[in-house]
Peer 1: 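Can you read through this structure? Questions will come right after.
One-based numbering, in listed order, for ligands and for the atoms of each. The structure presented is a predicted model; accordingly, all values stated were derived computationally and were not measured.
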Amino acid sequence: MSVLNQSFMQGFIRMCTDGYAAGWHERNGGNASYRIKPEEIAAIAPQLNTSGAWLPIHASVPNLAGEFFLFTGTGKFFRNVELKPESCLGILEVDATGEQYRVIWGFADGGGPTCELPTHLLNHQVKKLATDGKFRVVYHGHPVNIIALTFVLPLDAQVFSHELWQMMTECPIIFPAGVGVVPWMLPGKPDVGIATSKLMETYDAAVWAHHGIFCTGEDFDTTYGLLHVIEKAAAIKVATMSMAGEHKRQTITREDFLSVAREFGLTLNEDFLR
Ligand code: 2HA
Ligand code: ZN
């Protein structure tokens with residue numbers, strides 16, 4: 001079966017297409033990656049080309065040595081992923097030291113993986129360790145409302161988590177750890193990757209001030225769904241602030257959150273309930 005017909009490829013393309021339709025990927029905005037399962041790589045092995053050069057990752061990911069990833073490409077538009085997946089996407093192999101990668105499929109018009117490669121791989125490394133290998137997806141988008149909130153709320157995980165949880169009853173069930181917040185940093189560099197991956201030890205999502213958000217998860221549905229839920233909660237926050245600033249006539253209380261936690265067996269960060 002061709003690489004393009006594999007179910008992981010189809011799921012990845014659908015996530016990109018849906019993210020574009022949702023408005024999170026203007027021009028070449030956003031990027032995504034998936035840690036491919038050994039059996040998925042085995043199924044396409046004859047179609048991979050391992051003659052390419054090893055290139056520096058500019059980050060150290062020894063825990064990902066020998067792993068394979070599907071990535072969106074630098075300068076590629078999510079809008080085009082479904083039409084030209086073999087140009088917009090590529091499969092990478094990480095070397096035995098976790099310092100280098102090579103392209104073994106895709107990027108047919110040249111180019112390579114997203115400039116956020118270090119952040120993606122550092123996040124994968126943290127999540128692989130933290131979830132016993134379960135998490136396989138890292139997804140970055142530029143959703144309007146979450147970005148808007150980074151101009152008016154303090155850039156603080158407590159405030160963002162608390163406010164987003166309050167906007168919809170299901171939020172604490174979907175992201176019980178809350179969300180991390182990275183201050184404005186230069187994108188596409190190892191430093192922002194290190195800062196983000198440090199937060200991923202605690203959270204499944206990290207807001208990037210004045211830029212966007214990174215979400216991680218087990219599969220495409222839950223990772224896409226996490227970004228979707230956070231952005232919807234942010235939209236409700238923006239709507240309430242547009243009507244009444246910081247004023248809330250009523251809201252979900254600390255006791256309400258605690259009863260949700262009891263009912264669903266969640267451990268909510270107590271600091272974020274204040
Ligand atoms: O253009 O979103 O963060 C891709 C990006 C960089
Ligand atoms: Zn971005």
Peer 1: Taking 4.0 Å as the limit for heavy-atom contacts, which would you say applies to Thr114 with ligand 1: side chain only, backbone only, both, or neither?
Peer 2: neither
Peer 1: Could you list the atoms of ligand 1 found under 4.0 angstrom from a heavy atom of His140?
Peer 2: 2 (O), 3 (O)
Peer 1: Would you check if the side chain of Thr72 reaches a backbone N or O of Asn31 as a donor-acceptor pair within less than 3.5 Å?
Peer 2: no
Peer 1: Could you tell me whether the side chains of Ser259 and Asp256 share a donor-acceptor contact shorter than 3.5 Å?
Peer 2: no
Peer 1: Decide whether the shortest distance between a heavy atom of His211 and an atom of ligand 1 is less than 4.0 Å.
Peer 2: yes
Peer 1: Quick one about His25 and His142 (side-chain donor to acceptor, distance below 3.5 Å, no hydrogens or angles considered), yes or no?
Peer 2: no
Peer 1: For Tyr101, what residues pass the ring pair (Phe, Tyr, Trp, His ring centres under 6.0 Å) criterion, not counting sequence neighbours?
Peer 2: none
Peer 1: Can you sort out which atoms of ligand 1 are near Asn28, meaning under 4.0 Å from one of its heavy atoms?
Peer 2: 1 (O), 4 (C)
Peer 1: Between Glu67 and Arg136, does any NZ, NE, NH1 or NH2 come within less than 4.0 Å of an OD or OE carboxylate oxygen?
Peer 2: no
Peer 1: What is the name of the N/O/S atom in His211 that sits closest to the Zn ion (ligand 2)?
Peer 2: NE2
Peer 1: Using a 4.0 Å cutoff against the non-hydrogen atoms of Asn31, which atoms of ligand 1 qualify?
Peer 2: 2 (O), 4 (C), 5 (C), 6 (C)
Peer 1: Can an N or O of Glu116 be found at a distance shorter than 3.5 Å from an N or O of ligand 1?
Peer 2: yes
Peer 1: Answer yes or no: is there an ion pair linking Arg35 with Glu40, defined by an N-O contact shorter than 4.0 Å?
Peer 2: no
Peer 1: Do the charged groups of Lys237 and Glu231 touch, with an N to O distance under 4.0 Å?
Peer 2: no
Peer 1: To check your reading of the site, what angle at the Zn ion (ligand 2) do NE2 of His140 and NE2 of His142 form, to 10°?
Peer 2: 100°
Peer 1: Judged by non-hydrogen atoms, does Gly30 sit under 4.0 Å from ligand 1?
Peer 2: yes
